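Bear in mind that the values here come from a model prediction, so they are computed numbers and not experimental data. Per chain, numbering begins at 1; letters A, B, ... match sequence-line order.
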There are 2 protein chains.
Amino acid sequence: MKKPHPHIDRIFKAIADPTRRSIFHALVIAGSAMPINEVAERFEMSRQGVTKHIKILEAAKLIQIHQRGRERFCMASAQPLKSISQWLQFYEQFWDQSLDRLGQHLDGVD
Amino acid sequence: MKKPHPHIDRIFKAIADPTRRSIFHALVIAGSAMPINEVAERFEMSRQGVTKHIKILEAAKLIQIHQRGRERFCMASAQPLKSISQWLQFYEQFWDQSLDRLGQHLDGVD
DNA sequence: TTTATATGCAACTTATTGGTTGCAAATATA
DNA sequence: TATATTTGCAACCAATAAGTTGCATATAAA
């Protein structure tokens, strides 16, 4: 019964952490590649802490990394978020569903 | 700089776990309130394990619980997912952005 | 060559997570 | 009343997460 979807699991996990969402956002609005150190400078956290988050974002393909010289440039890629959007899409039809059915149930009308 | 958004954090956290997504989905398609035990029966996990997940979903307001007699009925509410959708919306404009800029950067064109 | 910079790796700590079991309490049923 | 059912609470455990520090290495600059 347990059917794992490792890729989407990684995306959900990556965006679950507010710091990672913040890193991702910073890279998206930067719009260009940024060395890891430059990313790290923007957060009140050790470079290694940021690096760990970056790795998780990279595993989810929300960040791509290209090395040049001694620097590793991070660039956001929003594309994997499409999977989340697809997942959400199914539930849109229930967004504004009233909870009447529950009320009915509790009133014994169901 | 750290500005916490506890509610949306709880929603992201709730949907980060595949088991919780599965529980939520089961309740959504059930379409009606379901006692905790009945939810738990559907998963190969102890009742308490399921209960813990339900609590986290409840904290995110993705499940509402109403008690009648000794039973507690769970009902899914997709509404909080709107927040996730809103969060995603900002990034839609970047979904299909090519990574040319990165390439340019690496080629020294930038 | 010497020095400074950017980075990765490993070890470690602490907190959280995901799961279990056992027991008690409340409600329903015989 | 006695018994069965539904549930919550607490304790516990193993694994993971989130963060730190120290050190090694590769590249760039003086």
Side-chain angles (χ1 to χ4, degrees), chain A residues 1-6 9-24 27 30 32-60 62-75 105-106 108, chain B residues 1-2 4-6 9-24 26-27 30 32-60 62-75 105-106 108:
Chain A
M1 181 179 178
K2 189 82 162 290
K3 41 172 177 175
H5 294 287
D9 281 358
R10 275 191 288 265
I11 305 173
F12 272 113
K13 179 189 157 195
I15 62 175
D17 184 273
T19 302
R20 281 195 293 272
R21 288 199 300 277
S22 185
I23 291 174
F24 177 69
L27 283 169
S32 58
M34 191 186 296
I36 289 186
N37 265 8
E38 198 178 325
V39 178
E41 277 166 17
R42 307 194 172 195
F43 294 86
E44 303 161 324
M45 192 187 303
S46 71
R47 174 183 59 87
Q48 293 296 0
V50 172
T51 293
K52 279 195 176 184
H53 284 306
I54 287 177
K55 267 187 195 162
I56 291 170
L57 287 162
E58 194 190 6
L62 286 164
I63 286 185
Q64 292 192 329
I65 300 189
H66 298 262
Q67 185 145 7
R68 186 159 66 163
R70 66 185 165 186
E71 286 172 310
R72 286 160 63 81
F73 289 84
C74 304
M75 174 114 193
H105 180 95
L106 291 179
Chain B
M1 179 177 180
K2 188 83 163 288
H5 294 285
D9 281 357
R10 276 192 286 266
I11 304 174
F12 272 113
K13 179 188 157 194
I15 63 175
D17 182 273
T19 301
R20 282 195 290 272
R21 288 199 300 277
S22 186
I23 291 173
F24 176 69
L27 283 168
S32 58
M34 192 185 298
I36 288 186
N37 264 8
E38 198 179 324
V39 178
E41 278 167 14
R42 306 193 175 195
F43 294 86
E44 305 161 324
M45 191 188 302
S46 72
R47 173 182 59 87
Q48 293 296 4
V50 172
T51 293
K52 279 197 175 182
H53 284 304
I54 287 177
K55 267 187 195 161
I56 292 170
L57 287 163
E58 195 191 5
L62 286 163
I63 286 185
Q64 292 193 326
I65 300 189
H66 297 261
Q67 185 146 8
R68 186 159 66 163
R70 67 185 163 187
E71 285 171 312
R72 285 160 63 84
F73 289 84
C74 305
M75 176 113 191
H105 180 94
L106 291 177

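Nearest approach of A:M75 to A:S32, heavy atoms of both residues: SD-C, 3.9 Å. Considering all non-hydrogen atoms of both residues, B:C74 and B:L27 come closest at O-CD2, 3.7 Å. Closest approach of B:A60 to B:R10, counting heavy atoms only: CB-O, 3.6 Å. Smallest separation of non-hydrogen atoms from A:L57 and A:A14: CD2-CB, 4.2 Å.
Here D:dA17 presents its P atom at 16 Å from CE of A:M45, a figure rounded to the nearest Å. One interatomic measurement links the two molecules: CD1 of B:I56 to P of C:dG19, which rounds to 9 Å at whole-angstrom precision. Nucleotide D:dG19 holds its P atom 12 Å from the CD atom of A:E44, rounded to whole Å.
Regarding contacts with the backbone of C:dG19, every side-chain N or O of B:S46 stays at 4.0 angstrom or more from both OP1 and OP2. Residue A:R68 places no side-chain N or O under 4.0 Å from the OP1 or OP2 atom of C:dA6.
For A:H53, the listed nucleotide lying nearest its side chain is D:dG19; candidates were C:dG18, D:dT20, D:dG19.
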Check against side-chain contact (heavy atoms from CB on, under 4.5 Å), B:H53 and B:F43
CA-CA 12 Å; B:H53 284 304; B:F43 294 86; over 6 Å; no

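Heavy atoms of A:G69 sit under 4.0 angstrom from primed sugar atoms or phosphate atoms, though from no base atom.
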Per-nucleotide protein contact along nucleotides 7-16 of chain C, 5' to 3', at a 4.0 Å heavy-atom cut-off (B base, S sugar-phosphate only, - neither), is BBB-------

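In this structure, the separation between CZ on B:R72 and CD on B:E58 is 6.5 Å, given to the nearest 0.5 Å.
Within the 4.5 Å cutoff, no side-chain heavy atoms of B:D17 are placed close to those of B:I56.
Terminal axes of the helix from C:dT1-D:dA30 to C:dA30-D:dT1 (five pairs each, C1' rotation axis) are separated by 20°, to the nearest 10°.
A donor-acceptor pair under 3.5 Å is absent between the side-chain atoms of A:R20 and the main chain of A:I15, judged by distance alone.
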